[in-house]
Amino acid sequence: MISLPLSDIARVLSGTLHLAGSDAPDTRVEGTVDTDSRNIGPGDVFVAKPGEATDGHLFVPAAAEAGAALAVVEHLVDAEITQIVVADAVTALADLAREVVGRVRATGDLRVVGITGSNGKTTTKNLLARILEGEGPTVAPRASFNNSVGAPLTMLRVADDTRFLVSEFGADGSGQIARLAGLVTPDVGVVLMVGMAHAGGFGGVEATLKAKTELVEAVRPGGVAVLNADDARVATMAAVAEARDVRVRWFGRGAAAEVRADDVEVDASGTSCVVVVGDQRMPLRLRVLGEHHVMNALAAITAALELGVALEDAIARLEMVELAERWRMQPLGSESVRIINDAYNASPDSMAAALRTLAQITQPGERKVAVLGAMSELGEFAGDEHDRVGLQAVRLRIERIVVVGAEARRLYLAAIGEGSWDGEAVFFADADAAYDYLIEELRAGDRVLVKSSNSAGLRHLGDRLGEFFS
């Protein structure tokens with residue numbers, strides 16, 4: 001965080017300052033801001049956020065002992081540390097983030113990019129950050145810090161010399177993206193796609209469209225909306241952008257895109273294509289596994305071009321990326337038995353993309369194995385969407401469909417109903433039982449996809465399989 005006096009922080013947070021030790025109102029604080037006391041070090045700021053499992057106020061003494069300079073609390077805690085008492089810690093976190101980004105923007109050349117979409121946010125964020133790091137100091141979220149706590153924590157890492165802030169905005173209901181993007185009013189807003197992810201929380205895909213449009217509505221006038229030309233729902237956001245004096249740049253695979261990809265080819269080591277921008281045609285070799293990541297790369301390239309990056313520089317930096325993020329199409333195991341661990345998140349669209357990738361990278365004589373768990377947050381759509389995944393797996397001729405967990409049982413039944421009833425599809429109640437089966441069943445030449453939502457916990461199963469077959 002940039003250096004701020006305690007009195008200024010208290011004013012921004014509409015809080016009451018309670019000084020400790022030798023601190024005074026003009027004492028300046030510039031440490032890292034965090035809600036996890038285990039990450040706190042000397043000079044840092046600890047925000048005591050009440051949580052579902054525990055209360056951050058219980059850890060204020062630990063933060064003080066670790067050397068924290070300030071605790072933001074909802075009530076005073078008996079600890080030797082300066083505290084600012086606020087009405088709501090999460091709101092205070094957002095208010096502080098808005099102030100910090102605003103001050104840096106007013107005095108420097110900070111440019112802000114916001115990214116949203118039903119799928120691909122984290123990968124696109126990582127790809128864009130890798131491109132921009134070659135231009136100057138860049139701040140981007142760790143992992144998937146894209147909610148009401150994670151997004152402000154990322155913003156608070158901005159320093160006086162930061163040139164680029166890449167923010168990822170997730171949501172499972174209306175108004176959330178508007179609140180988060182409103183903290184920073186992005187110069188560039190990137191919308192990847194509108195699909196069924198979190199449809200249960202939103203109430204359907206049309207409500208999801210409305211929520212994702214909130215990012216375009218938050219882009220500052222004169223800014224740029226980077227939109228997916230291949231997604232009809234995203235394309236409707238162009239009218240919203242133009243009404244707000246926000247330029248539109250299109251990316252995609254189709255001819256309508258200003259930044260597009262031709263000649264896409266997928267194999268077990270990555271994806272190749274030709275990136276086309278006007279009269280320029282440049283080859284790109286992505287080491288990130290999966291054809292669907294071409295769209296994420298195009299989005300990152302389009303945003304980077306708008307920020308002044310040369311196309312050849314953007315492509316060169318993308319080609320250095322080996323892994324988008326842990327548990328996202330992460331290759332594990334060995335050449336003999338390759339495990340693809342993609343079990344950090346799942347939606348109908350990402351599940352379909354991962355299954356297609358499995359089919360594309362499996363060569364004659366090799367066997368396709370899909371280890372599949374539940375897709376969460378689909379609400380009333382869950383049954384039908386799990387049915388569709390089961391049908392797709394069979395139609396892609398996946399030789400072994402291993403379904404794990406009661407919430408994914410519909411997927412297993414759909415595969416059985418489609419014809420995988422002679423041992424091709426199997427069901428296990430938990431990951432341990434699936435692991436025991438797989439270490440006996442898998443053989444040389446198998447290509448294994450492990451895919452589920454985070455809540456299903458199959459990412460750890462993928463790790464175990466990767467270690468066993470390494």
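It should be emphasised that the depicted structure is a prediction, and the values quoted were computed from it without experimental measurement.
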**Request:** Take D349 and S347 through the test side chain to side chain donor-acceptor pair (under 3.5 Å) and record every step on the way to the result.
**Result:** CA-CA 5 Å; D349 294 307; S347 69; 4.8 Å; no
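- Few gaps surround CZ on R285; more than 12 heavy atoms of other groups in view lie less than 6.0 Å from it.
- By the side chain to side chain contact (heavy atoms under 4.5 Å, CB included) test, A304 pairs with L128, I131, V309, sequence neighbours left out.
- None of V216, T208, L215 except one satisfies the side chain to side chain contact (heavy atoms under 4.5 Å, CB included) rule with K212; the exception is T208.
- Sorted by first and then second residue, the ring pair (Phe, Tyr, Trp, His ring centres under 6.0 Å) pairs involving residues 119-148 (not counting sequence neighbours) form an empty list.
- In this structure, the side chain of D55 does not engage the main chain of L58 through any donor-acceptor pair within 3.5 Å.
- Residue pairs meeting the side-chain hydrogen bond (donor to acceptor under 3.5 Å, both in side chains) criterion with at least one member in residues 461-470, sequence neighbours excluded: R326-D463, W327-D463, N341-D463, D432-R464.
- A pairwise comparison of heavy atoms in L307 and V188 identifies CD2-CG2, 4.1 Å as the closest pair.
- Taking both residues in full, the closest heavy atoms of E319 and P283 are given as OE2-O, 3.8 Å, listed atom of the first, atom of the second, then distance.
- Partners of V149 according to the side chain to side chain contact (heavy atoms under 4.5 Å, CB included) rule, which considers only residues two or more places apart in sequence or in another chain, are T35, K49, V90, L93, N147, L153.
- In this structure R367 satisfies the side chain to side chain contact (heavy atoms under 4.5 Å, CB included) test together with V369, E399, R400, E441, R443, D446, sequence neighbours excluded.
- E366 pairs by the salt bridge (Lys or Arg N to Asp or Glu O under 4.0 Å) definition with R447, not counting sequence neighbours.
- In this structure, the side chain to side chain contact (heavy atoms under 4.5 Å, CB included) partners of A140, at least two apart in sequence or on a different chain, are K125, A129, V166.
- Ion pairing between R163 and E133 fails under the 4.0 Å rule for side-chain N and carboxylate O.
- The residue from V190, T122, T124, V288 that alone fulfils the side chain to side chain contact (heavy atoms under 4.5 Å, CB included) condition with N296 is T124.
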Return all side-chain donor-acceptor pairs below 3.5 angstrom for residues 356-363, not counting sequence neighbours, or 'none' if the list is empty.
{"residue": "T357", "atom": "OG1", "partner": "A353", "partner atom": "O", "Å": "3.0"}
{"residue": "Q360", "atom": "NE2", "partner": "E291", "partner atom": "OE1", "Å": "2.6"}
{"residue": "T362", "atom": "OG1", "partner": "L358", "partner atom": "O", "Å": "2.7"}

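- Evaluation of the salt bridge (charged side-chain N to carboxylate O under 4.0 Å, His left out) test over residues 177-186, restricted to residues two or more places apart or in two chains, returns none.
- For residues 427-455, the set of pairs meeting the ring pair (Phe, Tyr, Trp, His ring centres under 6.0 Å) definition, not counting sequence neighbours, comprises Y412-F427, F428-Y437.
- Considering only residues two or more places apart in sequence or on other chains, R459 meets the side-chain hydrogen bond (donor to acceptor under 3.5 Å, both in side chains) condition with N454.
- For L372 against L458, the heavy-atom pair with the smallest separation is C-CD1, 3.8 Å.
- At distances below 3.5 Å, at least one donor-acceptor pair connects side-chain atoms of N228 with backbone N or O atoms of L192.
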Side-chain atoms of residues 36-43: list all donor-acceptor pairs with protein atoms under 3.5 Å, sequence neighbours left out, distances to 0.1 Å.
{"residue": "D36", "atom": "OD1", "partner": "R38", "partner atom": "N", "Å": "2.9"}
{"residue": "D36", "atom": "OD1", "partner": "R38", "partner atom": "NE", "Å": "3.0"}
{"residue": "D36", "atom": "OD2", "partner": "R38", "partner atom": "NE", "Å": "3.3"}
{"residue": "D36", "atom": "OD2", "partner": "R38", "partner atom": "NH2", "Å": "2.9"}
{"residue": "N39", "atom": "ND2", "partner": "D34", "partner atom": "OD2", "Å": "3.3"}

